[in-house]
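We count ligands from 1, going down the list as the structure has it; atoms in each ligand are counted the same way. Side chains included, hydrogens not; waters and symmetry mates left out as well; all remaining heavy atoms used.
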Amino acid sequence: MKTSERLDRLPTYLFAEIERKIAEKKAAGVDVISLGIGDPDMPTPQLVIDALAAGAADPGTHQYPSNRGRAEYRDAFAAFYRRRFGVELDPETEIVPALGAKECVFNLNLAFLDPGTVALAADPGYPVYTGGPLIAGADSVLMPLVPELGFVPDLDAIDADARERARLMFLNYPNNPTGAVAPDGFFERVVEFARANDILVVHDASYTETTFDGYVAPSFLETPGAKEVGVEIFSLSKGYNMTGWRTAAIVGNADAVNAYWKLKTNIDSGMFEAVQLAAVAALSQEGDRIAREMSAVYARRRDLVVDALRAIGVDVRSPKGTIYVWAPVPEGHSSASYCEHVLEESGVVVSPGGAYGPNGEGFFRISLTMDDDRLAEAMERLRSSLGG
Ligand SMILES: *Cc1c(COP(=O)(O)O)cnc(C)c1O
């Protein structure tokens, strides 16, 4: 059997490798605490489950959905964007459902890239920002995110060749894996850059509803001119404990949304309509309240982890959003060797920063998706096996 060259070029997906290691340890009888994967541990809110059940019982949801999505779904996104961000969206032309942000990021590469063109991708960043261009037969050019610049790319450092070839730019704030938020003025500079270089900005808004200390994350589309050069992917996965539901939408520039829709009509047959009705429930004001409650839980866990790390001498920033803590590995370790060491010594799984791109090297990521007691135990194990 001969697989395609595009498949051969792909690296193993990061978490597939982590899952293999966990299975190995568990088989050896180790009580593994996995803080590797960012998958909310708390259940989906009851109002969403109830809406799914009611929707599933209605035969009107049982046939092929359309790739445009139900009017209720698009209207719910429009109302949410108006209420939450003050952004006006036309439900007819500026909103299309996506089967999760991952699918959407991937397919945008197929919709916009040709061989010889590139996507500008944050480094470190979500792996599909680089895997997607590869599968599309194109390339990615990495934009380093470094602590000195607050983990936002230095747009002036993007060279003329990359500007010329780039068709897409992937950004994500609040940011996975660094936990950084977009500083004031950054999105304005992005709009200017995109306009000057004819690039579609794709803002991955996976964590706008998961923020702490009174910080409220903006939509990229709040920025003047953003809709002329960009789209935003709003995922319900993290903010509403819905990773299993595969529910998101692409919103913003009508031409880009239409290009995505055109591609998708050839790939999948849309989102189960009962799931769309469930998402409508999540996007309600009651959903806003639940998302804030979830943020309070993560804020508490963040404090627990940051305090524990600082107590063993790790110089870590306390993030204002996301479900991650991004911390430097000790002197003398690579991120991979440190994560192996932590797993061996304490049975705790954390992700190596290098797996998110070359500029993730020197860091590790702790996911806060574990109940407080287990998280506290994980920190205690780190302290006793690694402190001092
Ligand atoms: C989790 C995550 C995704 C995937 O979201 P889905 O909607 O579940 O596909 C995409 N981007 C980033 C930055 C993420 O952290």
Side-chain angles (χ1 to χ4, degrees), residues 13-16 18 35-42 44 48 69 73 77 95-109 119-133 140 142-143 145 151-153 168-182 201-211 217 219-220 231-251 260 264 267-268 270-272 275-276 278-279 282-283 291 294-295 298 319 321-326 351 353 355-357 360 365-369:
Y13 197 70
L14 164 66
F15 293 116
I18 292 178
L35 308 178
I37 296 175
D39 191 352
D41 55 303
M42 292 168 284
T44 302
V48 178
Y73 191 77
F77 270 93
I95 304 174
V96 159
L99 303 173
K102 187 177 193 178
E103 175 268 297
C104 190
V105 166
F106 171 71
N107 276 320
L108 285 171
N109 289 291
L120 301 170
D123 158 33
Y126 186 60
V128 186
Y129 303 157
T130 47
S140 48
L142 299 178
M143 302 183 292
L145 307 186
F151 297 111
V152 295
L168 296 172
M169 174 189 281
F170 291 114
L171 294 172
N172 154 237
Y173 293 95
N175 182 257
N176 172 14
T178 67
V181 300
V201 177
V202 179
H203 183 242
D204 177 348
S206 286
Y207 299 96
T208 53
E209 306 317 296
T210 309
T211 57
S219 160
F220 172 66
V231 289
E232 184 156 86
I233 306 171
F234 187 92
S235 169
L236 276 67
S237 283
K238 310 301 182 5
Y240 303 86
N241 302 337
M242 290 177 66
T243 46
W245 298 60
R246 316 312 306 131
T247 311
I250 179 172
V251 304
Y260 169 78
K264 286 262 289 179
I267 293 179
D268 64 58
M271 181 188 297
F272 180 26
V275 170
Q276 296 186 43
L283 293 168
M294 293 302 146
S295 289
Y298 291 121
T322 77
I323 53 178
Y324 311 106
V325 170
W326 183 246
S351 333
Y356 300 92
R365 194 192 76 173
I366 290 182
S367 169
L368 302 172
T369 51

With sequence neighbours excluded, tell me which residues meet side chain to side chain donor-acceptor pair (under 3.5 Å) with Ser235.
Ser237
Using the side chain to side chain donor-acceptor pair (under 3.5 Å) criterion, which residues pair with Tyr324? Sequence neighbours excluded.
Tyr207
Under a 3.5 Å distance rule, please check whether Thr247 uses its side chain to pair with a backbone N or O of Ala279 as donor and acceptor.
no
So, Lys238 and Glu209, do they make that salt bridge, N to O below 4.0 Å?
no
CA sep, side-chain torsions, deciding dist, call: Thr369, Asp41, side chain to side chain donor-acceptor pair (under 3.5 Å):
CA-CA 5 Å; Thr369 51; Asp41 55 303; 5.3 Å; no
Tell me which residues fall inside the under-4.0 Å heavy-atom shell around ligand 1.
Gly100, Ala101, Lys102, Tyr126, Tyr129, Asn172, Asn176, Asp204, Ser206, Tyr207, Ser235, Ser237, Lys238, Arg246
Residues which pass side chain to side chain contact (heavy atoms under 4.5 Å, CB included) with Pro319, listed by chain and number, not counting sequence neighbours:
Arg302, Val306, Val325
